[in-house]
Amino acid sequence: MKLVPLSRTAWVAGLGLLGVIALSTMALADTVAAPVPNKGDTAWMLTSSALVLMMSVPGLALFYGGLARTKNALSIFTQVFAIVAMVGILWCLYGYSIALGDTSGPYVAYIGSLGKAFLKGVTPDSVVATFSNGVVIPEYAYMVFQMTFAMITPALIIGGLAERTKFSAIMLFIFLWVSLIYFPIAHWVWAVAAPDDVAAAAKALAAAATPAAKAAAQAKLDSVTSAAGWLAQAGSLDFAGGTVVHINSGIAGLVGALIVGPRLGHGKESFPPHSLTMTMIGASLLWVGWFGFNAGSNLEANGATALAFVNTMVATCAAALSWQFVEWIVKGKPSMLGLVSGAVAGLVAVTPASGFAGPMGAIVLGLIVSPICFFFVSVIKNKFGYDDALDVFGVHCIGGITGALATGILVNPVLGGVGITDYTNFAHGNAGTYDLVTQMIAQGKAVLATLLYSGIGSAILYKVVDLLVGLRPKPEAEREGLDVTDHGERAYNY
Amino acid sequence: MKLVPLSRTAWVAGLGLLGVIALSTMALADTVAAPVPNKGDTAWMLTSSALVLMMSVPGLALFYGGLARTKNALSIFTQVFAIVAMVGILWCLYGYSIALGDTSGPYVAYIGSLGKAFLKGVTPDSVVATFSNGVVIPEYAYMVFQMTFAMITPALIIGGLAERTKFSAIMLFIFLWVSLIYFPIAHWVWAVAAPDDVAAAAKALAAAATPAAKAAAQAKLDSVTSAAGWLAQAGSLDFAGGTVVHINSGIAGLVGALIVGPRLGHGKESFPPHSLTMTMIGASLLWVGWFGFNAGSNLEANGATALAFVNTMVATCAAALSWQFVEWIVKGKPSMLGLVSGAVAGLVAVTPASGFAGPMGAIVLGLIVSPICFFFVSVIKNKFGYDDALDVFGVHCIGGITGALATGILVNPVLGGVGITDYTNFAHGNAGTYDLVTQMIAQGKAVLATLLYSGIGSAILYKVVDLLVGLRPKPEAEREGLDVTDHGERAYNY
Amino acid sequence: MKLVPLSRTAWVAGLGLLGVIALSTMALADTVAAPVPNKGDTAWMLTSSALVLMMSVPGLALFYGGLARTKNALSIFTQVFAIVAMVGILWCLYGYSIALGDTSGPYVAYIGSLGKAFLKGVTPDSVVATFSNGVVIPEYAYMVFQMTFAMITPALIIGGLAERTKFSAIMLFIFLWVSLIYFPIAHWVWAVAAPDDVAAAAKALAAAATPAAKAAAQAKLDSVTSAAGWLAQAGSLDFAGGTVVHINSGIAGLVGALIVGPRLGHGKESFPPHSLTMTMIGASLLWVGWFGFNAGSNLEANGATALAFVNTMVATCAAALSWQFVEWIVKGKPSMLGLVSGAVAGLVAVTPASGFAGPMGAIVLGLIVSPICFFFVSVIKNKFGYDDALDVFGVHCIGGITGALATGILVNPVLGGVGITDYTNFAHGNAGTYDLVTQMIAQGKAVLATLLYSGIGSAILYKVVDLLVGLRPKPEAEREGLDVTDHGERAYNY
Amino acid sequence: MKIVMAIIKPFKLDDVREALTAAGVHGMTVTEVKGYGRQKGHTEIYRGAEYAVQFLPKLKIEVALPSDLAPAAVEAIASAARTGEIGDGKVFVVPLDHAYRIRTGERDADAI
Amino acid sequence: MKIVMAIIKPFKLDDVREALTAAGVHGMTVTEVKGYGRQKGHTEIYRGAEYAVQFLPKLKIEVALPSDLAPAAVEAIASAARTGEIGDGKVFVVPLDHAYRIRTGERDADAI
Amino acid sequence: MKIVMAIIKPFKLDDVREALTAAGVHGMTVTEVKGYGRQKGHTEIYRGAEYAVQFLPKLKIEVALPSDLAPAAVEAIASAARTGEIGDGKVFVVPLDHAYRIRTGERDADAI
Ligand SMILES: Nc1ncnc2c1ncn2[C@@H]1O[C@H](COP(=O)(O)OP(=O)(O)O)[C@@H](O)[C@H]1O
Ligand SMILES: Nc1ncnc2c1ncn2[C@@H]1O[C@H](COP(=O)(O)OP(=O)(O)O)[C@@H](O)[C@H]1O
Ligand SMILES: Nc1ncnc2c1ncn2[C@@H]1O[C@H](COP(=O)(O)OP(=O)(O)O)[C@@H](O)[C@H]1O
């Protein structure tokens with residue numbers, strides 16, 4: 001997800017240069033053959049998609065479910081699994097089209113259109129662009145990879161609602177949330193112009209002989225480069241979803257925790273995790289699957305993919321250790337839950353940075369994110385008394401913000417980052433040159449926009465759902481546990 | 001597994017055409033270089049093989065074991081794991097050769113020969129054809145991918161025998177069953193001519209100048225096209241194993257449930273699943289692994305593979321939701337077990353269709369299969385009183401039949417299917433044209449043949465095993481649980 | 001890891017030949033383009049790396065943790081997870097550089113240098129050689145793949161220390177051990193010259209016209225071929241880590257078990273595994289992940305990779321069955337723990353052989369290794385009374401020795417092995433010809449060197465750690481369980 | 001009043017509950033326990049280690065009732081729980097001084 | 001001496017422990033049990049099979065104490081455990097002949 | 001007859017069983033319980049939340065026996081279970097009115 005459209009004027013000016021290069025390399029074959037997918041890329045994208053599904057089920061289900069009490073374990077599993085299933089269908093029906101598939105229509109900076117609703121026109125031969133010129137992958141592979149992101153993001157939210165929200169309310173809320181909040185935000189950040197389209201438009205512009213042709217070509221080029229989400233156009237860097245996935249779900253979870261209110265007995269009874277074994281399995285599978293999430297986000301299998309993979313590995317290691325040592329010092333004992341919480345915090349933080357930072361930057365990011373998240377889950381949460389049951393705010397939102405902002409710093413080549421190096425970097429003057437202030441403004445814009453849109457939007461949706469079906473079960477039902485009252489089952493019958 | 005040999009006459013007539021095309025494209029290089037595997041394909045096939053192994057262990061072991069009572073949990077795990085291990089060896093010794101490796105010999109429509117017993121002649125350089133002309137993969141990769149199918153299929157059967165069958169009996173039965181029932185049926189459906197062989201024979205025919213040469217070439221072509229399993233020749237479509245895997249194991253499980261008889265206490269005591277957590281993990285890993293199963297069955301990594309992947313995703317989503325809503329309406333609560341049972345039913349149903357249907361067709365298939373399976377496991381099973389303990393009949397056999405028949409419909413391009421499009425589609429007249437009646441007859445033939453051969457054959461084998469070692473443990477042993485009595489262990493010592 | 005440098009003189013003599021071949025194929029393009037990674041290889045190496053991580057977490061954590069008592073389950077999980085995290089960082093800081101990344105410096109037969117400390121100079125465009133001429137992969141992919149090996153090896157050791165060693169002691173010990181024992185041994189065996197460098201040097205030698213040029217070229221060639229670990233130079237075969245990983249960790253575990261002493265109550269109380277379900281999941285994920293370990297060790301995705309995959313599959317099947325049948329005969333019942341212990345023993349044994357043996361050889365190896373390991377864990381261990389709690393010695397060290405020695409036999413083409421066939425096999429006379437005695441001496445040398453260096457070195461490190469922080473917790477703490485006393489948590493709160 | 005306390009085989013719980021209900025007892029408390037007695041256990045083998053497991057899973061049922069109901073309850077339990085095999089268990093009757101129902105504060109006979 | 005044995009709803013444990021401590025009782029033993037009584041259970045559905053679950057999770061608390069402390073302990077438990085809903089549980093008082101503290105060998109009143 | 005009921009540290013079970021066997025007692029019933037007393041618990045930390053765990057795992061052993069055997073059984077248990085550390089547990093002796101063996105219908109002394 002490393003496309004970084006700069007401001008429109010920068011584009012336009014820069015594309016002349018690109019056009020010349022493009023022209024010269026294409027001189028021999030004017031009617032250049034359409035690129036076909038490389039099978040290594042296809043294999044990697046399918047593998048990545050399977051890995052990201054594994055993050056949700058069983059990964060997230062176990063990570064969250066293990067932290068719940070026995071009487072609510074199944075309710076967590078069911079919610080995660082059902083959300084995944086529902087969003088998979090919604091993605092095919094209209095989500096893909098409006099988020100990424102059809103970037104046309106009057107409000108294209110904010111939302112796409114329905115031209116690919118029901119996957120209309122997508123065939124085994126359809127391809128989509130990657131971030132490299134001349135490299136494409138099967139559209140089905142792209143569509144399903146992005147589907148898995150749309151599946152896991154809303155499932156993260158339930159961390160804030162766990163153990164006290166009705167299943168029917170959760171399903172209705174997520175249906176609305178994914179449609180009205182996730183799909184647009186994914187569009188804002190990840191809907192970008194295909195490199196080859198930009199190159200072709202630039203080439204046409206360069207070749208235009210008459211002023212009229214030039215103007216027409218320029219208009220075409222403008223339309224290509226402006227068919228992107230507004231945050232993408234603003235130059236925000238978010239490789240694999242720091243804002244779209246983690247800040248987005250984390251703030252929605254916090255708002256939910258506040259609106260639904262704390263669990264019965266909160267602050268009085270103890271709510272120890274019913275199975276840290278499950279939480280450990282979940283965290284491990286999240287880690288393994290996250291390679292699909294982050295390294296898959298490069299959309300092809302090359303050296304940059306390997307860098308994203310490495311960053312995902314080392315930031316996680318660093319954050320796991322960091323959380324553990326902070327806890328060791330502050331609380332006197334290094335807990336396993338702390339260790340794996342740190343790992344997840346590291347994964348969250350490195351998500352936006354994974355394709356941009358260098359490994360040493362990723363390690364530093366990992367070392368930093370854990371103390372911050374630790375502070376939120378152990379001090380801020382207690383101080384304010386909100387019941388973010390499974391710490392989706394403290395880990396995902398805070399970790400996501402840390403990562404999103406750090407990305408703006410760590411991309412700096414001086415710090416080992418890759419710089420602003422992708423196909424947009426041909427522009428005049430400072431285009432493609434890293435500038436801390438510019439970049440941090442772009443990052444901050446994305447963070448703020450996500451916090452506000454998702455925070456306010458989620459609040460409205462919770463209220464709507466509360467009116468329609470009621471968010472909270474009866475106290476007796478909550479006491480008895482949602483497994484029996486919502487689902488008529490118990491997790492264990494030893 | 002999408003090879004669809006049509007009737008022999010269609011072949012012969014059609015191949016002239018192919019020959020001409022083949023000739024023209026090969027004009028420049030008469031001694032064309034043998035194709036070498038694409039590394040992307042090899043990577044994908046190895047990844048897929050690992051994924052299918054993960055479906056069995058730990059996937060199926062957990063899915064099934066979680067549904068058993070605590071005292072029989074290990075017996076389920078042991079049976080699945082030991083079956084996998086035993087079949088892996090049998091596959092190398094003779095299974096691969098007679099099922100797929102050596103399609104020669106007098107009864108080639110029904111079973112192959114022993115030319116590759118002990119993997120004779122297979123080397124790191126051996127390659128096998130895929131479904132595309134000129135595309136090959138390493139034979140070891142193909143062999144091991146197909147091995148994983150032979151491993152999981154018999155393991156599915158124990159769902160019908162669970163909690164009341166001796167380990168020794170299961171091992172002996174599976175040894176016989178996989179040898180005498182699975183290997184032949186896999187041959188019937190999946191032993192097909194390599195596209196390149198067909199093309200070469202057709203080319204030779206087209207090039208034959210004299211009548212004698214023509215006759216010889218024709219004979220050669222006939223022999224190539226007839227070296228296929230009889231169901232493959234009949235035009236039955238089974239992309240990844242609806243008949244071979246699911247109907248086959250499902251009917252064998254039902255027959256086993258009937259012959260072994262119900263568990264002690266059946267219909268009187270309650271048998272709640274000992275750990276739905278394990279069942280959830282198992283279902284999730286089945287889903288993740290199933291991408292190897294279905295999308296791997298394309299044998300290469302291209303757009304069609306991505307389609308199979310997408311279908312596997314969305315049919316599962318649809319079926320999970322569908323089961324849940326049916327249960328919500330009929331039983332008043334949407335259970336987690338229902339949700340994941342639906343997911344498995346969807347995976348089963350989409351297996352034969354995954355490379356043929358379009359995504360919308362796959363969604364519809366998913367929506368339909370769950371109510372059918374639900375009806376079987378909650379109404380039919382109770383009505384007839386058979387003790388299909390883990391519902392291998394209700395989910396796998398019924399889901400497999402639904403999928404096999406639906407494949408005949410959903411392949412229709414009008415419904416978004418890919419049509420009868422593979423390398424056999426060059427024949428005269430209606431060859432390659434979809435015809436509902438023709439296709440449904442072919443599908444029905446495969447379903448019926450599998451039900452009859454596996455049903456009757458399994459019945460005989462159960463009786464033989466009962467005579468030799470006895471199927472059922474003593475009542476005290478069954479009461480105490482097979483973990484202690486068969487294996488001398490307990491699953492948990494908390 | 002199949003590089004097999006022969007003695008230096010053999011190299012030198014042989015390279016003339018290679019040079020000629022190389023020259024002729026390169027005649028047309030003198031300034032030959034640097035090879036670029038194949039995306040299929042990259043996809044496979046990244047997939048493999050994720051699989052090997054999955055072996056550690058959650059695989060090994062569960063396999064080991066399930067065997068511990070409830071009160072120590074989390075301590076096992078924490079130790080495995082924290083070791084993985086710590087080694088990931090150490091690998092980037094200096095491990096990669098001294099083990100594999102920078103094979104320069106005065107003691108290059110024993111240890112590399114710090115030129116790539118902090119991953120200096122590694123970029124997304126850096127590539128490293130594979131075992132095939134002209135085939136490279138991204139250095140990040142290679143670095144992270146090898147990192148996962150460095151992560152899991154020390155984690156294996158805790159099998160000998162489980163349930164009675166302080167967390168702080170384990171972390172300190174592993175920090176020292178991985179730095180002073182693992183990194184050097186990995187260098188001895190796996191630091192080898194790149195095929196292309198050898199070819200280029202040979203080519204230069206062949207092209208050298210004057211005696212001076214010849215001498216210079218010869219010197220260059222010598223320096224290339226001698227920039228390898230001393231065991232690699234000795235011709236020891238270890239495809240994926242029989243010595244480096246399994247013998248190494250296994251002997252360190254045994255020494256630890258002896259120095260730390262047996263658990264309180266050892267030989268008197270019973271220590272049944274707290275959850276064989278977890279152990280089964282762990283063993284299964286080890287198996288699935290081991291395909292990355294073994295087949296990934298080929299560094300590319302080709303037919304030889306598929307062979308390593310197949311061997312990993314069938315040796316495991318054979319060893320699982322073999323353990324089970326031995327136990328059935330000797331103890332009267334075939335246990336699940338026996339079955340999965342056999343699987344792990346098979347995986348261990350086939351590790352060094354996976355790229356060298358043929359499938360039938362791998363099956364025989366699997367059949368043989370289990371009785372040997374069974375004898376060690378059920379007879380020798382009891383006889384000598386050491387408390388190798390989770391059998392890291394009995395399974396990993398003994399299985400590793402069996403595999404390392406068997407590799408010397410099974411590589412024989414007469415037995416279906418691939419022979420001494422890699423890029424070093426162009427030498428005069430018997431170079432590249434398999435010779436049993438020569439090969440067994442080379443294998444024995446590696447086994448012995450590893451046993452001695454790791455055994456003695458570990459003993460010293462344990463003593464140092466005991467002095468610094470103390471190895472063992474207080475008896476009350478050990479009674480109460482390390483979960484509560486070391487980590488302040490309990491694994492289950494049902 | 002008495003407390004009738006029975007140790008039974010686990011799979012007999014439903015039979016015993018039904019028999020007690022038939023005998024007019026409508027409340028009971030059940031505990032999972034492990035029993036040691038004449039019934040022999042089994043051997044478990046975990047890799048090298050063999051353990052003789054002597055404690056077998058049983059259920060303990062406790063029923064508080066008026067003294068006059070005790071013989072009938074004992075009889076009901078005993079006949080429902082009997083298989084005739086070793087290990088069927090025991091029934092014990094212990095004195096009960098007082099009983100209270102927490103919800104209402106009712107006492108003794110009214111409480112049970 | 002007496003043993004006061006109470007069956008309570010699980011989430012009331014902390015309240016009861018605090019009430020007992022306030023009443024001067026400083027030791028107790030707690031067992032997870034399943035209770036059957038007037039409080040109705042629920043139905044569980046596993047695919048085709050529906051099970052009526054009649055046993056509900058409860059905690060059993062046992063406190064050994066001098067006879068004169070018993071009424072106060074009973075009262076403490078009862079008021080702390082009361083919700084007013086069906087299923088709040090019972091308190092039983094049974095006679096206790098002797099008590100020993102294993103660590104010291106102290107007996108009876110000194111032991112508890 | 002009496003019921004001897006002991007609360008012990010879990011790892012002492014085998015020692016206690018052997019001591020009881022030596023004292024002529026051949027049957028017993030064991031329950032996993034949680035004990036609260038003078039022995040201090042520990043603190044558990046789960047992310048932000050710290051819990052003081054005051055209940056510690058113990059085993060409860062119940063042995064029905066003729067009254068004259070009770071003192072020996074108490075002594076056997078107490079000496080086998082003693083470590084001298086706080087938390088070793090208690091032994092209680094309560095009266096037992098009747099005992100039945102379900103399998104045979106034997107009563108009282110014959111039943112235990
Ligand atoms: N003296 C005893 N005190 C308490 N419980 C006992 C005693 N003897 C036996 N039990 C319990 O009764 C169960 C059955 O006893 P056992 O001797 O095995 O068979 P049976 O009751 O048929 O003679 C034991 O498992 C144990 O739980
Ligand atoms: N006769 C009895 N003997 C032993 N335990 C009983 C008896 N009656 C009830 N109990 C226990 O008390 C619990 C609560 O009883 P129940 O009848 O459901 O409600 P309530 O105490 O409010 O009347 C039951 O779950 C059971 O554990
Ligand atoms: N009054 C009591 N009634 C019932 N059980 C008790 C009582 N006092 C203590 N216990 C049990 O005995 C165990 C040990 O008691 P504790 O006071 O910790 O140590 P000690 O027995 O060494 O004095 C407790 O954990 C609890 O299970």
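Naming: A, B, ... by sequence-line order, numbering from 1 per chain.
- Panel note: side chain A:Ser354, backbone A:Ala308; no donor-acceptor pair is recorded below 3.5 Å.
- A:Ala343 touches chain C through its side chain: at least one heavy atom from C-beta onward sits under 4.5 Å away, while N, CA, C and O do not.
- Only the side chain of A:Ile363 comes within contact range of chain C, with at least one heavy atom under 4.5 Å from a heavy atom of that chain.
- Contacts of C:Pro124 with chain A are made by both backbone and side-chain atoms, with heavy-atom separations under 4.5 Å.
- Using a 4.5 Å heavy-atom cutoff, the side chains of C:Phe173 and C:Thr165 are not in contact.
- In this structure, the portion of C:Asp486 lying under 4.5 Å from any heavy atom of chain A is its backbone and not its side chain.
- Listed options C:Thr42, C:Leu285, C:Thr148 were ranked by heavy-atom pairs under 4.5 angstrom with chain A; first place goes to C:Thr42.
- Of all residues spanning residues 272-280 of chain C, those with a heavy atom less than 4.5 Å away from chain A's heavy atoms are C:Met278, arranged by number.
- The backbone N or O of C:Val469 lies less than 3.5 Å from a partner atom in the side chain of C:Lys166, making a donor-acceptor pair.
- Relative orientation of the C:Phe167 and C:His487 rings is perpendicular, given thresholds of 30° and 60° on the angle between their planes.
- Put simply, of A:Gly282, A:Ala301, A:Gly66, A:Gly40, the one with the most heavy-atom pairs under 4.5 Å next to chain C is A:Ala301.
- Judged purely by atom type and a 3.5 angstrom limit, C:Thr130 has no side-chain atom pairing as donor or acceptor with the backbone of C:Leu299.
- Here the CD atom belonging to A:Gln324 is positioned 10.5 Å from the OG atom belonging to A:Ser370, to the nearest 0.5 angstrom.
- Along residues 68-81 of chain C, the residues that come nearer than 4.5 angstrom to chain A, judged on non-hydrogen atoms, are C:Leu74, C:Phe77, C:Thr78, C:Phe81 in order of number.
- Contacts of A:Ala318 with chain C are made by both backbone and side-chain atoms, with heavy-atom separations under 4.5 Å.
- A donor-acceptor pair is defined here as one N or O able to donate and one able to accept, closer than 3.5 Å; no such pair exists between the side chain of A:Asn38 and the backbone of C:Lys39.
- Side-chain atoms of C:Thr305 and C:Asn302 form a donor-acceptor pair, as typed in the model, at a separation below 3.5 Å.
- C:Val122 does not touch chain A: none of its heavy atoms, backbone or side chain, sits under 4.5 Å away.
- When heavy atoms are compared at a cutoff of 4.5 Å, A:Trp290 does not approach chain C at all.
- Ring-plane geometry between C:Trp44 and C:Phe309 is classed as tilted, the angle between the planes lying from 30 to 60 degrees on a 0 to 90 degree scale.
- Here the OG-CG distance, from A:Ser48 to A:Leu53, works out to 12.5 Å after rounding to the nearest 0.5 Å.
- For a residue to count as touching a neighbouring chain, one of its non-hydrogen atoms must lie under 4.5 Å from one of that chain's; by this rule A:Glu327 does not touch chain C.
- Looking at C:Thr123, there are no atoms closer than 4.5 Å to chain A (heavy atoms on both sides), in backbone or side chain.
- Atoms OH and CE, on C:Tyr142 and C:Met147 in that order, are 13.0 Å from each other to the nearest 0.5 Å.
- Salt-bridge annotation for C:Glu489 and A:Lys333: absent, with no side-chain N of the basic residue lying under 4.0 Å from a carboxylate O of the acidic one.
- At distances below 3.5 Å, not a single donor-acceptor pair connects side-chain atoms of C:Ser97 with backbone N or O atoms of C:Leu93.
- Put simply, the side chain of C:Tyr182 never gets that close to the backbone of C:Ile174: no donor and acceptor are under 3.5 Å apart.
- In terms of heavy-atom pairs under 4.5 Å with chain C, the best-connected choice from A:Val310, A:Leu337, A:Thr47, A:Leu51 is A:Val310.
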